[in-house]
Amino acid sequence: MAILILIVMGALLGWFASILARTEDAGGIFRNIGLGLLASAIGGLVMNGGALFGTLGWLALGVAALAALVVLAAYNLVFVVKF
């Protein structure tokens with residue numbers, strides 16, 4: 001159940017980041033969703049002790065959300081924002 005929650009949360013954060021960055025092309029939207037999903041899964045699984053199918057602690061959920069937000073913010077600041 002933990003991996004399912006991390007996947008859904010990461011995908012939603014990636015989708016939300018594409019809305020905030022005003023990404024119009026489908027490639028950019030899917031890239032944001034993929035980055036959010038990957039960062040959320042890695043951060044949550046590391047903090048959850050690598051348990052894929054067990055329960056998910058609040059600390060692991062918070063770290064997963066923070067990891068996804070940091071990766072998405074860094075990616076969008078470096079590659080998307082035009083100065």
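All values derive from a computational prediction rather than experimental measurement.
Side-chain heavy atoms closer than 4.5 Å link hydrophobic residues (I, L, V, M, F, W, Y) into clusters, and following such links, possibly through other members, connects M1 to L6. Follow the hydrophobic side-chain contacts under 4.5 Å out from L56 and you reach I3 in the same cluster. In the hydrophobic clustering of this structure, V78 groups with L69; members are Ile, Leu, Val, Met, Phe, Trp, Tyr whose side-chain heavy atoms approach within less than 4.5 Å, directly or through other members. In this structure, I7 is a member of the same hydrophobic cluster as L45, with clusters built from ILVMFWY side-chain heavy atoms closer than 4.5 Å. Residue F53 is not grouped with residue M47 when hydrophobic side chains (ILVMFWY) are merged at heavy-atom distances under 4.5 angstrom, including chains of intermediate members.
When side chains are defined from C-beta on, N48 does not count as touching L59, because their heavy atoms never get closer than 4.5 Å. The shortest distance between side-chain heavy atoms of Y75 and R31 falls below 4.5 Å.
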Report task. Begin from the C-alpha positions of L61 and M9 and carry the test side-chain contact (heavy atoms from CB on, under 4.5 Å) through to its verdict. Result -> CA-CA 9 Å; L61 191 63; M9 183 179 67; 3.8 Å; yes
Requested in this report: Carefully, step by step, assess N32 and L13 under the rule side-chain contact (heavy atoms from CB on, under 4.5 Å).
Outcome: CA-CA 8 Å; N32 277 334; L13 286 172; over 6 Å; no
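Contact between S40 and A64 at its shortest, heavy atoms only, is O-CB, 3.3 Å. Heavy-atom minimum distance, A17 versus L72: CB-CD1, 3.9 Å. Contact detail for A39 and A68: the closest heavy-atom pair is CB-CA, 3.7 Å.
Rounding to the nearest 0.5 Å places CD1 of I33 at 9.0 Å from CG of L37.
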